[in-house]
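Here's the structure we're looking at; comments come further down.
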Amino acid sequence: MNPSKSLQLDHFLAGWIGGASSVVVGHPLDTVKTRLQAGRGYKNTLHCILSIYRKETVSGFFKGMSFPLASITVYNSVVFGFFSNAQRFISQYRYGDERRPCGLGDLTVASALTGLMSVGLGAPVELVKIRLQMQTQTIVAENLHLAGNMANGTNIPLSSVQMPGQRQYRGPLHCISSILRTEGLQGLYRGAGAMILRDVPGYVLYFIPYTIFCNLLKPDASSDPHPGSIWLAGGLAGSISWVTATPADVVKSRLQADTQQTRKFRGILHCIVVSYKSEGAQVFFRGASVNAIRGFPMSATMFLAYELSLQFFRSL
């Protein structure tokens, strides 16, 4: 068997296992993050958590999880497989040996390319996830242009508003079909531009710190990192990546939660301007604390499951 092809398959399988593990660990806080960024009426993170629990119980934190959990098979497999292949291609092109470890500059290029590629698969996944997470969110009356007898800003439960064409999503497939019917194929990629702004630098600040921390925590250059070191390095890398990506993530979440029936934003720049005028610069850091907190266990679990799976497959 060709070792290169075997290694490629190992990375795809390990990426699937790591990604699925991270979704289960991180989705509750991802729901909180999405509600804070795209919703209205939450004072802070704790208030958001308590509101979700009181109104929707524990199941509210897992809304929209089935679709990313199912699609993570493809998404994370492709991300880690692509990242591994990009490193091998760069090493082969620059040094004539695909097995030569990449330097930081090479890793930066491989990470940025991975972030750019990931949007093609990740944008529809995140769109559906956010639409499912947000469908129990209250709607602001002024944004619905409801007539006359209610004060501006009055929050109305979604279930109490009868709107022509307004539909509740019964699940991921119904959500996809509804978006395709009302917005077309391009509707599935709403917010993709903001996602590129988030994920290209985000993956650089994901893989580079992970590599640096792993190397610092290894007892010597030739040994494999200890599982505890992988867990710590992955967690720190995840927190760094998600906190720095928060402004672009806020814009992406708002664009993706912005359905055709209640459309407020014409694009990235319009979303930034409207958000800034109505809520100030602090709006772009909404959910940063949640991102920092959820980024650690998600990424720690992701990298630990990925690396241990990779070691297992290589031992077969």
Side-chain angles (χ1 to χ4, degrees), residues 21-70 125-146 149-163 166-175 178 191 238-239 242-243 246 249-259 261-262 264 275 278-280 282-298 301:
S21 302
S22 71
V23 169
V24 174
V25 170
H27 193 80
L29 282 176
D30 183 68
T31 298
V32 175
K33 182 265 299 183
T34 299
R35 297 285 182 91
L36 282 171
Q37 291 178 343
R40 296 286 292 272
Y42 299 121
K43 300 174 184 176
N44 50 45
T45 301
L46 181 60
H47 180 244
C48 182
I49 292 172
L50 292 176
S51 296
I52 294 172
Y53 180 74
R54 287 168 182 164
K55 296 176 182 178
E56 305 168 53
T57 71
V58 174
S59 64
F61 295 101
F62 292 92
K63 276 191 167 64
M65 190 179 80
S66 61
F67 186 67
L69 185 60
V125 173
E126 294 223 359
L127 178 74
V128 173
K129 172 182 68 67
I130 284 176
R131 294 285 175 90
L132 291 174
Q133 286 173 328
M134 293 298 297
Q135 67 176 342
T136 57
Q137 171 68 33
T138 55
I139 294 176
V140 180
E142 62 186 1
N143 292 335
L144 294 175
H145 306 289
L146 296 179
N149 57 3
M150 285 176 279
N152 286 340
T154 301
N155 285 335
I156 304 173
L158 183 61
S159 58
S160 69
V161 179
Q162 298 298 324
M163 293 180 57
Q166 179 72 28
R167 295 178 62 87
Q168 290 278 346
Y169 302 126
R170 295 191 295 269
L173 294 179
H174 180 243
C175 182
S178 297
S239 292
W242 272 108
V243 168
T246 296
D249 191 45
V250 169
V251 176
K252 179 202 71 71
S253 294
R254 291 190 162 211
L255 286 171
Q256 291 184 324
D258 194 28
T259 62
Q261 291 89 350
T262 59
K264 299 189 295 292
S275 299
S278 61
E279 299 174 68
Q282 67 270 18
V283 70
F284 300 109
F285 298 93
R286 185 174 290 172
S289 59
V290 178
N291 275 339
I293 295 170
R294 70 182 273 271
F296 192 98
M298 275 188 70
T301 303

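Basis for what follows: all heavy atoms, side chains included, without hydrogens, waters or symmetry-related copies. Here the structure is a predicted model, which is why all the values come from computation and not from measurement.
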(request) Give the C-alpha distance, both sets of side-chain angles, the deciding distance and a yes or no for side chain to side chain contact (heavy atoms under 4.5 Å, CB included) between Val32 and Arg294. (result) CA-CA 10 Å; Val32 175; Arg294 70 182 273 271; over 6 Å; no
(request) Answer yes or no: is there a side-chain heavy-atom contact under 4.5 Å between Phe296 and Trp242? (result) no
(request) Return the minimal non-hydrogen interatomic distance between Gly60 and Thr31, and the atom names on each side. (result) O-CG2, 3.6 Å
(message) Could you measure the distance from the OG atom of Ser178 to the CZ atom of Arg170? Nearest 0.5 Å is fine.
(response) 7.5 Å
(message) Restricting to non-hydrogen atoms, name the atom on Leu36 and the atom on Gly287 that form the minimum distance, rounded to 0.1 Å.
(response) CD1-CA, 4.3 Å
(request) Would you check if Asp258 and Arg254 make a side-chain contact, meaning some heavy-atom pair closer than 4.5 Å? (result) no
(message) Contact between Thr246 and Lys33 at the side-chain level, heavy atoms closer than 4.5 Å - yes or no?
(response) no
(request) Give the minimum heavy-atom separation between Gln282 and Glu279, together with the two atoms involved. (result) NE2-O, 2.8 Å
(message) In the structure I gave you, are the side-chain heavy atoms of Leu29 and Met298 within less than 4.5 Å of one another anywhere?
(response) no
(request) Would you give the length of the straight line joining atom NZ of Lys252 to atom OG1 of Thr34, rounded to the nearest 0.5 angstrom? (result) 6.5 Å
(request) Report yes if the side chains of Ile52 and Lys63 come closer than 4.5 Å at any heavy-atom pair, otherwise no. (result) no
(message) Could you tell me if the side chain of Ser253 sits less than 4.5 Å from the side chain of Ile130, heavy atoms only?
(response) yes
(request) Measure the shortest side-chain to side-chain distance between Gln256 and Leu127 over non-hydrogen atoms and say whether it is less than 4.5 angstrom. (result) yes
(message) If I take atom CD from residue Glu126 and atom CZ from residue Arg131, how far apart are they, to the nearest 0.5 angstrom?
(response) 13.0 Å
(request) Heavy atoms only: give me the nearest Cys48-Tyr42 pair and the separation to one decimal. (result) CA-CD2, 3.6 Å
(message) For Phe61 versus His27, what's the shortest heavy-atom pair and its separation?
(response) O-CD2, 3.4 Å
(request) Measure across Ser239 and Ala292 and return the closest heavy-atom pair with its distance rounded to 0.1 Å. (result) OG-O, 2.9 Å
